[in-house]
Structure formats: structure tokens, C-alpha cells
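All figures in this text were calculated on a predicted structure; none of them were measured in a lab.
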Amino acid sequence: AVVFVKGNDDKNWTVWSNEHGSLLLVYRSAQTNTKAQLMVYSAAGQTVFASAITGNRGGFDCSHLSKGLYTYRITDGEKIYSGKLILGNR
């Protein structure tokens, strides 16, 4: 089952993983080609994944990460969006 975890209420970004937790997906509701930066943090606060996002969607291989709860931060220009993310079935 795919689990969506609510982040910011403004709905600019949606972040989720596939049911195995091996693929992290992001979607931006606004149609733009500006770059954004995705950071994923462990429960201990360590950066475990970072990548640039170009356009309004992206898919990233996260198979190297353990299943569990993470937090994410997307920096989009001067705006910062954050939320929680569950990788894998939990």
C-alpha cells in the first residue's frame, strides 16, 4: 500500500514512496521548470539523501535507505516545505 504523509497545508508539493520504500516520488502542483532541492533526514536528524528537482515531478532511488519514518525538506527558491515520510510498509 502507498502511504501519503501530510506535510505543508499549501499543497504545492506532494511527497510519497512506493510500497517497498525503494522509490521516492515528488510532485509539484505548479507548472514550472525552476530547480528545487530535496533533502531527506533520518529520525536522528542526519541527512540521508539529497537531490535537485527539475520541473514539477521526480522519482528517486531510495533502495539504500532502511524502511521507516523520515522527514523531508524541499527548498524551492525562498520557500521551504517540510513534512514526514514513511518508506516501505509500516
Side-chain angles (χ1 to χ4, degrees):
V2 176
V3 177
F4 290 91
V5 178
K6 185 177 180 181
N8 289 40
D9 287 336
D10 57 23
K11 310 247 189 295
N12 283 334
W13 288 94
T14 304
V15 179
W16 71 99
S17 74
N18 66 344
E19 68 180 68
H20 303 292
S22 59
L23 184 63
L24 179 63
L25 303 156
V26 296
Y27 174 76
R28 178 177 12 198
S29 59
Q31 297 294 321
T32 180
N33 286 325
T34 60
K35 282 190 178 181
Q37 180 69 30
L38 170 67
M39 305 287 286
V40 178
Y41 303 95
S42 68
Q46 296 176 314
T47 302
V48 294
F49 182 80
S51 183
I53 306 168
T54 304
N56 68 332
R57 65 182 63 210
F60 306 97
D61 178 15
C62 287
S63 58
H64 64 285
L65 298 177
S66 300
K67 291 174 177 46
L69 181 65
Y70 293 84
T71 58
Y72 68 87
R73 184 178 75 202
I74 297 174
T75 306
D76 185 3
E78 295 182 11
K79 294 183 179 180
I80 297 175
Y81 306 92
S82 61
K84 294 180 181 177
L85 173 70
I86 297 173
L87 292 182
N89 294 329
R90 277 290 210 186

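- Salt bridge Asp76/Lys35: absent, no basic N to carboxylate O contact under 4.0 Å.
- Between the side chains of Asn12 and Tyr81, at least one donor N or O lies within less than 3.5 Å of an accepting N or O.
- When all heavy atoms of Lys67 and His20 are compared, the closest pair comes out as NZ-O, 3.2 Å.
- The heavy-atom pair separating Gly59 from Leu23 by the smallest distance is C-CD1, 4.1 Å.
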### Message
Let's go through Leu38 and Phe49 carefully: what are the C-alpha distance in whole Å and the side-chain angles of both, what is the deciding distance for side-chain contact (heavy atoms from CB on, under 4.5 Å) to 0.1 Å, and is it a yes or a no?
### Response
CA-CA 8 Å; Leu38 170 67; Phe49 182 80; 4.0 Å; yes
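- Note: Tyr27 OH to Leu25 CG = 13.0 Å, rounded to the nearest 0.5 Å.
- For residues 46-60, the side chain to side chain donor-acceptor pair (under 3.5 Å) pairs, not counting sequence neighbours, are Gln31-Asn56.
- Side-chain contact between Ile74 and Val15: present, with at least one pair of heavy atoms (C-beta onward) separated by less than 4.5 Å.
- Put simply, the side chain of Ile53 does not reach to within 4.5 Å of the side chain of Gln37, judged on heavy atoms.
- Residues His64 and Val48 share a closest heavy-atom pair of NE2-O, 3.7 Å.
- Residues Tyr70 and Tyr41 place their aromatic rings such that the two centres sit no closer than 6.0 Å.
- Under the 4.5 Å side-chain heavy-atom criterion for grouping Ile, Leu, Val, Met, Phe, Trp and Tyr, Val26 is not connected to Met39 through any hydrophobic cluster.
- Using a distance-only test at 3.5 Å, with no hydrogens or angles considered, a donor-acceptor pair links the side chain of Asn18 to the main chain of Gly21.
- Taking each heavy atom of Cys62 and Leu24 in turn, the nearest pair found is SG-CB, 3.6 Å.
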